[in-house]
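When a residue number appears, it is its place in the shown sequence, counting from 1. Because the structure is predicted, anything quoted here is derived from the model rather than measured.
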Amino acid sequence: MDEFVATITPENAIGNKASLLPETTNIIEGIDYYFEDGCYVFKPWFHLKRGYCCKSDCTHCPY
């Protein structure tokens with residue numbers, strides 16, 4: 001996943017293959033997020049699966 005995410009740019013993030021995966025409410029620590037100072041920090045893979053930018057200025061947003 002990290003290799004795939006490294007190929008994503010803001011220009012090709014929309015319509016990426018991760019967004020075509022079935023939706024799930026299960027998120028996995030280390031893949032979708034990590035903790036920093038007691039807070040969830042969502043990783044690029046999580047954002048790519050969501051398929052769009054939420055406009056919250058997320059640290060790892062690929063969009």
Taking all non-hydrogen atoms of both residues into account, name the closest pair between P62 and A13 and its distance.
->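 Residues P62 and A13, closest heavy atoms: O-CB, 3.9 Å.
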Minimum-distance pair of heavy atoms, taken over all atoms of S19 and N16 =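 Answer, listing the atom of S19 first, then N16: OG-O, 2.7 Å.
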Listed once per pair and sorted, the side chain to side chain donor-acceptor pair (under 3.5 Å) pairs that draw on residues 39-55, sequence neighbours left out |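 Checked against side chain to side chain donor-acceptor pair (under 3.5 Å) - neighbours excluded - the pairs reaching residues 39-55 are D32-K49, H47-R50.
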Test of understanding: clusters of I, L, V, M, F, W, Y form through side-chain heavy atoms closer than 4.5 Å, transitively. Do [X] and [Y] belong to the same one?
{"X": "I31", "Y": "Y34", "result": "no"}
{"X": "L20", "Y": "F4", "result": "no"}
{"X": "Y63", "Y": "M1", "result": "yes"}

Just jot down the ring-ring contact (aromatic ring centres under 6.0 Å, His included) partners of F42, sequence neighbours excluded, or say none.
->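 Per chain and number, F42 pairs via ring-ring contact (aromatic ring centres under 6.0 Å, His included) with F46.
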CD1/I14: more than 12 non-hydrogen atoms of other groups inside 6.0 Å =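 No, not enclosed.
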Would the number of heavy atoms belonging to other residues, nucleotides or ligands and lying under 6.0 Å from CD of E29 be above 12?
->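 For E29, atom CD is crowded (more than 12 foreign heavy atoms under 6.0 Å).
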For the side chain of S56 and the backbone of C58, is there at least one donor-acceptor N/O pair under 3.5 Å apart?
->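 No: the side chain of S56 does not pair with the backbone of C58.
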From L21 atom CG to L48 atom CG, the distance as rounded to the nearest 0.5 Å |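 CG of L48 is found 10.0 Å from CG of L21.
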Under the side-chain hydrogen bond (donor to acceptor under 3.5 Å, both in side chains) test, residues paired with T9 that sit two or more places apart =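 If we apply the side-chain hydrogen bond (donor to acceptor under 3.5 Å, both in side chains) test to T9, skipping adjacent residues, the hits are E11, N12.
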